[in-house]
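Structure record follows, encoded as structure tokens.
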Amino acid sequence: MYRLRDAGFRAYLVGGGVRDLMLGRIPKDFDISTDAHPGELRKLFRNSRIIGKRFRLVQVFYHGGKIIEVSTFRCRSEYEENGGDEVLAQNNTFGSPAEDAFRRDLTINALFYEIENFTVIDFTGGVRDLEDRIVRMVGDPERRIIHDPVRMMRAIRHAARQGFAVEPATWAAIRANVDKLALCPVSRIRDEFMKDLKSGALAEWAKLALASTIFFAVFPCYEQLVPGGEDASFYDAAEQQDNATLALLFRILRLIDRFCQEGKALADEMLFALLLLPWAMAEFDLLSHSSQKGGEGFRFTRRLREALDANLEHLGIKRASKEEITLLLANLPLFALHVADKEWPRWLARKSYFQRGLTFHDLYQAAAAGTPLPEIAAPEEVAPARPKRRRSGGGRRRGPRTAAFAATKGGIFGLKK
């Protein structure tokens, strides 16, 4: 910010960094807004690059892998104020600090901090909303959501993380426009949900997501299995409700939160398998399949895989990752059957999926019984064993498309096959 000022530009700390500092928290990252254009920023900061298509940003790289994102003030366009209902309209016009503030999603994320007088500049009423613990959309919430439906997911994320209430007009607009999430690119919905999945506030997010029905846009398989409520408080005692699927789901959500809060990492496939477990229990009576062998077990696994394909298609999850999720769910009955034995059957202990399946079973038991967090093996310890070399046959040998393979190719998500 000082370098920009010394070069004759205006620069402000903006967004979540200002919000967190005002709440007495340590920001995870810092964003800067300035009147310098991307090309001018590249000349000032050689350790930078320009990214983005709809909105061009400059990322400035510092020692230790730290990245500061710098954006140019953008104009509050006439299209957003008076235009039609096109989703994600193109607009990259530069503007003033006030116009830039009114382009932002939420009032609590539209605060600016300047270094001349060390003061916070508030164009949208964000300071008052912080004091009142309210999440409010900037401008007309209906129109802002129509132009970018992902703003709904951001609103309930910040309400869940901060423990704030969603302002009534914003809440009404969210509930009325959830169906428009289907118009957004798969990658954006996926990326937004992954932020919630590992936030440590997943259970609080789920309350708001269920009440707003956004949860069913992400996991449509639960729509007929869990009750709906217009208010998030309906789910405050979800673990004690008569609906077994809802109760197990919230126990699992709180288990995931405890892991995230303690800094313990779980593979994405493991997290998705846990989230889908209550659905699989209700849809397939999962634990009743422990005695299935041979063709019967194969047919069950195939039905489970087909159901997962249908319910995860809209998220664009890699095929290899879906296979891993299927493997964890399909083998849970097997581990539940043998858990009381003094030692595991030798044939099962030799399986490449044994350690992962055992970890998944322990997590299920902890969620179902409300017991303390189980110890989990490090990621390298739960990776599948390397396949044995074939004794006969030619051709190029190919390793299994497993979670370990997916991890080397960018994680759970990617282009659908």
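Every value quoted in this text rests on a predicted model; they were computed, and no experiment measured them.
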Practice task
Check whether any side-chain N or O of D129 sits under 3.5 Å from a backbone N or O of T107 as a donor-acceptor pair, and report yes or no.
Solution key: no

Could you pull out every donor-acceptor pair under 3.5 Å between side chains of residues 242-250 and any protein atom, sequence neighbours left out?
| from | atom 1 | to | atom 2 | distance (Å) |
| --- | --- | --- | --- | --- |
| N243 | OD1 | T245 | N | 3.1 |
| N243 | OD1 | L246 | N | 2.8 |
| N243 | ND2 | L225 | O | 3.0 |

Problem - Spacing of L13 atom CG and M1 atom CE [to the nearest 0.5 Å] - result: 5.5 Å

Handout entry: Check ion pair R356-E324 (N to O, under 4.0 angstrom)
Key = yes

Completion exercise
side-chain contact (heavy atoms from CB on, under 4.5 Å) filter on A36, not counting sequence neighbours, yields L4, F9, T34, E40, L41

Exercise for the section: Give every residue pair that meets the salt bridge (Lys or Arg N to Asp or Glu O under 4.0 Å) criterion with at least one member in residues 20-29, sequence neighbours excluded. Expected result: none

Practice task
Using side-chain contact (heavy atoms from CB on, under 4.5 Å) as the criterion, list what pairs up with D236, not counting sequence neighbours.
Solution key: K207, S233

Handout entry: Rounded distance (nearest 0.5 Å) linking atom CG of L315 with atom CD of E313
Key = 9.5 Å

Handout entry: Side chain D309, main chain N311, donor-acceptor under 3.5 Å
Key = no

Donor-acceptor contacts under 3.5 Å from residues 57-69 side chains, at least two apart:
| from | atom 1 | to | atom 2 | distance (Å) |
| --- | --- | --- | --- | --- |
| Q59 | OE1 | R49 | NE | 2.9 |
| Q59 | OE1 | R49 | NH2 | 2.9 |
| Q59 | NE2 | E69 | OE2 | 3.2 |

Fill in the blank from the handout: Here the gap from R161 atom CZ to E204 atom CD, rounded to the nearest 0.5 Å, amounts to 13.0 Å

Handout entry: D105 bridged to R157 by N-O distance under 4.0 Å
Key = no

Fill in the blank from the handout: So CD1 of I32 and OG1 of T72: to nearest 0.5 Å the spacing works out to 12.5 Å

Exercise for the section: On the 0 to 90° scale, with breaks at 30° and 60°, tag the F193-F272 ring pair as parallel, tilted or perpendicular. Expected result: perpendicular

Practice task
Describe, in one word, how the ring planes of F112 and Y12 are oriented to each other, choosing from parallel (under 30°), tilted (30 to 60°) and perpendicular (over 60°).
Solution key: tilted

Problem - Note: D100-R104 ion pair, threshold 4.0 Å (strictly below) - result: yes

Exercise for the section: Could you tell me whether the side chain of R175 and the main chain of A211 form a donor-acceptor pair under 3.5 Å? Expected result: yes

Exercise for the section: Could you tell me the separation between the CG atom of L130 and the CD1 atom of I108, rounded to the nearest 0.5 Å? Expected result: 6.0 Å

Problem - Partner of D35 by salt bridge (charged side-chain N to carboxylate O under 4.0 Å, His left out), out of R5, R10, R74 - result: R10

Completion exercise
Closest non-hydrogen contact found for R154 with D148 is NH1-OD2, 4.3 Å

Practice task
Identify the two heavy atoms, one from P141 and one from T170, that lie closest to each other, and give their separation to 0.1 Å.
Solution key: CB-CA, 4.0 Å

Completion exercise
Between A155 and V135 the two heavy atoms that sit nearest each other are O-CG1, 3.7 Å

Exercise for the section: Just jot down the side-chain contact (heavy atoms from CB on, under 4.5 Å) partners of K43, sequence neighbours excluded, or say none. Expected result: none

Problem - Donor-acceptor under 3.5 Å (E167 side chain, A169 main chain) - result: yes

Practice task
Mind telling me whether F219 and F215 have parallel, tilted or perpendicular rings, with 30° and 60° as the class edges?
Solution key: tilted

Exercise for the section: Kindly compute the distance separating CG (L308) from CG (L304), expressed to the nearest 0.5 Å. Expected result: 4.5 Å

Problem - Check ion pair D268-K198 (N to O, under 4.0 angstrom) - result: yes

Handout entry: L253 vs L255, side chain to side chain contact (heavy atoms under 4.5 Å, CB included): CA-CA, chis, key distance, verdict
Key = CA-CA 5 Å; L253 295 174; L255 180 81; over 6 Å; no

